[in-house]
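Right, one structure below, let's go through it.
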2 protein chains.
Amino acid sequence: MRDVTVVGVGMTRFGKFLDKGLKALGAEAIREALADAGIDQRQIEAAFVGNAMAGLITGQECIRGQVILRSLGLGGLPVYNMENACASASTALHTAWMAVAGGMYDVVLALGVEKLYDQEKRKSFTALGSAVDVEAAEEFRRQMSAELPAGGAEGAGETRSVFMDYYASEARQHMAKYGTRREDYALVAVKNHTNGSLNPKAQFQRARSLEEVLASPMIADPLTRLMCSPIGDGAAAAILCSAAFAPRFADARPVTVRASVLASGTPRMGRASSVVARAAQRAYEMGGVGPEEIDVAEVHDASAPAEIFLYEDLGFCKPGDGGRLIRDRLTSLAGRLPVNTSGGLLAKGHPVGATGIAQVVEVVGQLRARAGARQVGGAKVALTQNAGGVLDDEPAACAVHIFAV
Amino acid sequence: MRDVTVVGVGMTRFGKFLDKGLKALGAEAIREALADAGIDQRQIEAAFVGNAMAGLITGQECIRGQVILRSLGLGGLPVYNMENACASASTALHTAWMAVAGGMYDVVLALGVEKLYDQEKRKSFTALGSAVDVEAAEEFRRQMSAELPAGGAEGAGETRSVFMDYYASEARQHMAKYGTRREDYALVAVKNHTNGSLNPKAQFQRARSLEEVLASPMIADPLTRLMCSPIGDGAAAAILCSAAFAPRFADARPVTVRASVLASGTPRMGRASSVVARAAQRAYEMGGVGPEEIDVAEVHDASAPAEIFLYEDLGFCKPGDGGRLIRDRLTSLAGRLPVNTSGGLLAKGHPVGATGIAQVVEVVGQLRARAGARQVGGAKVALTQNAGGVLDDEPAACAVHIFAV
């Protein structure tokens, strides 16, 4: 298969935009990516469009990509509408990569877009709740509620995602098994909100203290509100092309895709066999790099504890050692391996079907040394990890990408 | 890119199955395809899953493929959830083809599945109505209603698809421009219901006379009920593998994919520039065959008039000559170019996200000379055409495949 490069990226600010629909959000990200690549949109040969929940929120259940692209004069392109819950954008990116690497197209667009806010807030949470086996969902909710410690059920109900119950359960297990502390989880939120304060595209741009994080309202013990990613609206886009084609975009400072892996979860036998660990292992093999060579990473911190589990699953440290990485500030901007320099899902925000490509926007900025106040000096190799849905206590989908300059 | 073959196909009967969900339907089609290929399911490396409307009908908006595959013990496979309205299955098939042709995988599963019937019938039509630009849909409906001749509005309202208004409008234009007759459209329905009567997987297995078709209730002038595809439930699956890998499945009688093209509609300047004509032209170039070499075809007869338009768009005859093909019985089972030998969408049924692969099930059967009472003697080259959604009076998505033995 051929080498593939990213030659342009763009994204909207993430946030609550009740006046903007899928078309307006998508168009803004695409225009920025086209301008960044210095490419005429007529050179684009196909579009891979990730979205998770427009059917339940806006009613646009079908042909989501065509509706968006037509408004930009890109209506004639073959459109691959992709879905993988919160990993929809990385699935679109991966499929776009596969199409170029395999020789089908030379220049393609990958877009992730999501409109989660609605006047009727309950719609958003119903949609988020569809990223499980809905036939079995009632049972899932019952199990999770039964596990919640007394008092932890505050804030429960239909106006929050069932995923926070899942993450809370995992967080309590990690505390019991490895001695991880509630403060470790809070430090992840502190770090990511600090990073978000430096990112003009972030939904939240205000640094938060450890005290503020711990004192914010309890969502599902031990998760306080500031340890949970918000819902949001937004879009992110990337232009991919074959490496042979990239020199035509001389100004674009192409970034090479070293690995692109998509995997699904199965019931696991411990951390090392998690879907994230399996996907990461294959990505390291495909990319010919190890975790010790990663200079900067964006990972799926849908909740603060998740980032700590991901340090372990991605091989950034040994199982159980995740809490130490955050305590020792190794993943802070000035640390050895900065993680979620964008602010992550916690602060940059999490319009679910846009997140996977927004991660790529951040690491491409880092690898091009254009990340401004968030720049990680000398970053040459970057990793992104994006997960979606839950089945069998595992993410249903997980994509890991490695990029290099 | 590498040659790709289809080594196994399977499908459920299409129909109304209120007691079967996506999992049961999908599992039945997959098991049949695996058995047909004589393959151990552990050899499958990835799954491409087409579905259009489960979010609005069953609530399973996300990770539709994972939920189905897990129930079969295929939970760990990378899953590409694909959507393109009524062309969702052919989009999944095309993407599966691209993945194998490009060298990413050797053996993959493509599945199309749809559950349209619900206790609450209105849900189905709301879902079908989401295959247009929903923001502009109100305007679309107004335009279509204004065009309906007096009396043609009988049966209109919220319990039928807006697409029948679209097709009726196109049918009236064809009559005015080319002298096509209401009876020509009815003959398509007669042919396809005759074919369906020979297909044990068809939703409707009863031959219909010209008089019956013309006398059935008017849906949107000139379309009577028997000229409109029904809604339905069903699933269809195909196993694809690289040609180099195919000899391992010695019993499978592999069928080669000669062309696989996906396109999107743009406002057209007449029939010759339609998205179908563009996709077909590219498929003929890719496959190195012309329309005169096609021995059997399955096309998207969502309404009876559509089949006549498709004869023209696919190059089976000159623009305006479609009515003659059906009058002269050239597309009947005993004709020169049998079309919709399965019964087509009109009689076999149209569970939208399953249709594109069900077409492949039929032509693979024909090319293997296993089509029973529907067998077309000596068929060596087959074409399938599947369309989805409507934007700018064109299908939003269209896939054309050519297969050969």
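Order of the sequence lines fixes the chain letters, A, B, ..., with proteins taken first and strands second; residue numbering starts at 1 for each chain.
- Annotation: the span from B:Ser229 atom OG to B:His300 atom NE2 amounts to 7.0 Å, rounded to 0.5 Å.
- Within residues 65-73 of chain B, the residues having any heavy atom closer than 4.5 Å to a heavy atom of chain A are B:Gln66, B:Val67, B:Arg70, listed by residue number.
- For chain A, the nearby parts of B:Ile63 are the backbone and the side chain; heavy atoms of each come within less than 4.5 Å.
- There is no contact between B:Ala47 and chain A, counting heavy-atom distances below 4.5 Å.
- Electrostatic pairing of A:Asp133 and B:Lys23 counts as a salt bridge here, judged by a charged N lying under 4.0 Å from a carboxylate O.
- Residue contact with chain A, scored on non-hydrogen atoms closer than 4.5 Å, is absent for B:Arg2.
- Considering only heavy-atom pairs separated by less than 4.5 Å from chain A, the leading option among B:Ala263, B:Cys398, B:Ala87, B:Gly265 is B:Gly265.
- Nearest approach of A:Ala85 to A:Ala131, heavy atoms of both residues: CB-CB, 3.8 Å.
- Considering every non-hydrogen atom in both A:Glu61 and B:Leu56, the closest pair reads OE2-N, 3.4 Å.
- For B:Met53, the parts lying near chain A are the backbone and the side chain together; criterion is any non-hydrogen pair under 4.5 Å.
- Applying the ring pair (Phe, Tyr, Trp, His ring centres under 6.0 Å) definition to pairs two or more places apart or across chains, those involving residues 47-70 of chain A are A:Phe48-A:Tyr80.
- Legend: salt bridge (charged side-chain N to carboxylate O under 4.0 Å, His left out) pairs involving residues 90-102 of chain A, not counting sequence neighbours: none detected.
- Once rounded to the nearest 0.5 Å, the distance linking OG of B:Ser124 with CD1 of B:Ile231 reads 4.0 Å.
- Here OG1 of A:Thr91 is found 7.0 Å from CG of A:Asn386. Values are rounded to the nearest 0.5 Å.
- Summarising the geometry, atom NZ belonging to B:Lys115 is positioned 5.5 Å from atom CG belonging to B:Leu18; distances are rounded to the nearest 0.5 Å.
- A:Cys86 and A:Ala387 get closest at one heavy-atom pair: CB-O, 3.2 Å.
- The greatest number of non-hydrogen atom pairs below 4.5 Å with chain A, out of B:Ala397, B:Ala46, B:Gly59, is found for B:Gly59.
- Of all residues in residues 103-113 of chain B, those placing a non-hydrogen atom less than 4.5 angstrom from a non-hydrogen atom of chain A are B:Gly103, B:Met104, B:Tyr105.
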